[in-house]
Colleague: 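Below you'll find the structure I mean.
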Amino acid sequence: EALRGHRRNHMVSGVAGLRVERDDDVAMLVVRLEPTPSDTLDLQLPADHEGLRRMRAALAEWLADLGADRDLRHDVLLAAWEACANAVEHAQGPASAMFSLHASREGELVRVRIADTGSWRGQSGGAGERGLGLPLMRGLMDRVEIVHAADGTVVVLERRLHAPGPARPTASAGVFAHTRAGTTQS
């Protein structure tokens, strides 16, 4: 009995950091925390290939946790990748090597906001092969808004998780149907 009491006191003091001098029974509660889906995702990332890779992985996991189907995840990831790649390639000032992504869910609406702190630069050279990013984003998302300001550029992408009515085309189906190469800037 004395040995059991010593073990019990030692176990409680080791677990809780307390010194207990009781002879009664001890109950121990073990808890395993399960991750719960968050309605928001906030990322501050380096404006480089590694930052783009990390953005894609984190956004893909967040969308899956929301219960977004495969096609919707693909569309949102592709549109966000394009906006983030533009932030990395076009809109970074020499001292601003970061971009941010804030994603949120409001009911059935997913909103992804990408921001950088550089100044907007127009398309340079290779017009026949460039300039399709904005039509791509607009074709994949329900709403695309781009705001150019003195302190950077913000792109807001919105998409319903479960669109009512008939199935909408997914991925890049028909995105470029009415776009002539080289007429749109991204």
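Everything numeric here is computed off the predicted structure, so don't read it as measured data.
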Colleague: Is there a side chain to side chain contact (heavy atoms under 4.5 Å, CB included) between L78 and H74? Walk through the geometry before answering.
Modeller: CA-CA 6 Å; L78 183 56; H74 176 270; 4.0 Å; yes
Colleague: Give me the atom names and distance for the closest heavy-atom approach of A103 to L59.
Modeller: CB-CD1, 4.2 Å
Colleague: Would a hydrophobic clustering, with Ile, Leu, Val, Met, Phe, Trp and Tyr connected at side-chain separations under 4.5 Å, put V154 with V76?
Modeller: no
Colleague: Checking the side chain of R73 only, and the main-chain atoms of A68 only, is there a donor and an acceptor separated by less than 3.5 Å?
Modeller: yes
Colleague: Check whether any side-chain N or O of R159 sits under 3.5 Å from a backbone N or O of L140 as a donor-acceptor pair, and report yes or no.
Modeller: yes
Colleague: To the nearest 0.5 Å, how far apart are NE2 in H162 and CD in E108?
Modeller: 5.5 Å
Colleague: Which heavy-atom pair separates V112 from A80 by the least distance, and what is that distance?
Modeller: CG1-CB, 4.4 Å
Colleague: Enter the distance from E82:CD to L136:CG here, rounded to the nearest 0.5 Å.
Modeller: 6.0 Å
Colleague: Which pair of heavy atoms, one from A87 and one from F99, lies closest together, and at what distance?
Modeller: CB-CB, 4.3 Å
Colleague: What closest approach, in Å, do W81 and R53 show between heavy atoms, and which atom pair accounts for it?
Modeller: CZ3-N, 4.2 Å
Colleague: Restricting to non-hydrogen atoms, name the atom on A85 and the atom on L52 that form the minimum distance, rounded to 0.1 Å.
Modeller: N-CD2, 3.7 Å
Colleague: Which heavy atom of E158 sits nearest to which heavy atom of L109, and what is that distance?
Modeller: CB-CD1, 3.9 Å
Colleague: Any chance you could measure T40, atom OG1, to R111, atom CZ, to the nearest 0.5 Å?
Modeller: 13.0 Å
Colleague: Set out, in order, the CA-CA distance, both residues' side-chain angles and the distance that settles side chain to side chain contact (heavy atoms under 4.5 Å, CB included) for R54 and L43, then state yes or no.
Modeller: CA-CA 9 Å; R54 289 173 37 204; L43 304 171; over 6 Å; no
Colleague: Can you confirm whether E61 is buried at CD, in the sense that more than 12 heavy atoms of other residues, nucleotides or ligands lie under 6.0 Å from that atom?
Modeller: no
Colleague: Looking at CG of L101 and CG of D116, how far apart are the two atoms once the value is rounded to the nearest 0.5 Å?
Modeller: 12.0 Å
Colleague: Once you round to the nearest 0.5 Å, how far does CG of L45 lie from CD of E50?
Modeller: 9.0 Å
Colleague: Just do the side chain to side chain contact (heavy atoms under 4.5 Å, CB included) check on M98 and T117 with the steps written out, would you?
Modeller: CA-CA 8 Å; M98 301 291 284; T117 56; over 6 Å; no
Colleague: Roughly how far, to the nearest 0.5 Å, is NE2 of H102 from CD1 of I114?
Modeller: 11.5 Å
Colleague: Honestly curious: do M137 and L161 fall in one hydrophobic cluster under the side-chain, below-4.5 Å linking rule?
Modeller: yes
Colleague: Membership question, hydrophobic clusters at under 4.5 Å side-chain separation (ILVMFWY): are V156 and M55 in the same one?
Modeller: no
Colleague: Quick check: does any side chain N or O of W62 sit under 3.5 Å from a backbone N or O of S38, one acting as donor and the other as acceptor?
Modeller: yes
Colleague: Just wondering, do V155 and N86 contact through their side chains at under 4.5 Å, heavy atoms?
Modeller: no
